[in-house]
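Encoded as structure tokens, the structure appears first; notes follow it.
Just the heavy atoms: all of them, side chains too, but no hydrogens, waters or symmetry mates, feed the values below.
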Amino acid sequence: MSEKARIKVNDNGPYLVKGEVEMVDAEGNVFETKKAFSLCRCGHSNNKPFCDGSHRKAGFESEPRAD
């Protein structure tokens with residue numbers, strides 16, 4: 001049985017994706033991913049849609065919480 005997919009919203013950082021997922025672009029092309037990877041939330045990554053740590057230099061701040 002595969003690991004249930006989980007997406008964690010990191011404070012002031014990226015979405016951390018873990019588990020069995022397939023990520024595709026708008027045309028249906030499959031991105032090559034690992035078992036765990038981070039997606040950019042700040043918009044400053046030079047490796048979009050993946051996080052490259054640019055949020056730190058950009059001073060990105062966001063700490064959403066589930067209700």
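The two residues S45 and N47 have their closest heavy-atom pair at OG-N, 2.9 Å. Minimum interatomic distance between N12 and E63 (heavy atoms only, all atoms of both residues): ND2-OE2, 3.2 Å. Summarising the geometry of H55 relative to G13, their closest heavy-atom pair is CD2-CA, 3.8 Å, with the distance given to 0.1 Å.
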Any chance you could lay out the ring pair (Phe, Tyr, Trp, His ring centres under 6.0 Å) test for F50 and F31, step after step, and finish with the verdict?
-> CA-CA 10 Å; F50 303 102; F31 284 95; 5.8 Å; yes
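Taking 4.5 Å as the limit, every side-chain heavy atom of K34 sits out of range of all side-chain heavy atoms of V17.
The only option from C51, S62, P14 that meets the side chain to side chain contact (heavy atoms under 4.5 Å, CB included) definition with R41 turns out to be S62.
Interatomic distance, C42 SG to E61 CD, rounded to the nearest 0.5 Å: 12.5 Å.
For the pair K4 (side chain) and G19 (backbone), a donor-acceptor distance under 3.5 Å is absent. For D52 (side chain) and N46 (main-chain N/O), a donor-acceptor pair under 3.5 Å exists by modelled atom type.
Under a hydrophobic clustering in which Ile, Leu, Val, Met, Phe, Trp and Tyr are joined whenever their side-chain heavy atoms come within less than 4.5 Å, directly or via other members, V21 and L16 fall into different clusters.
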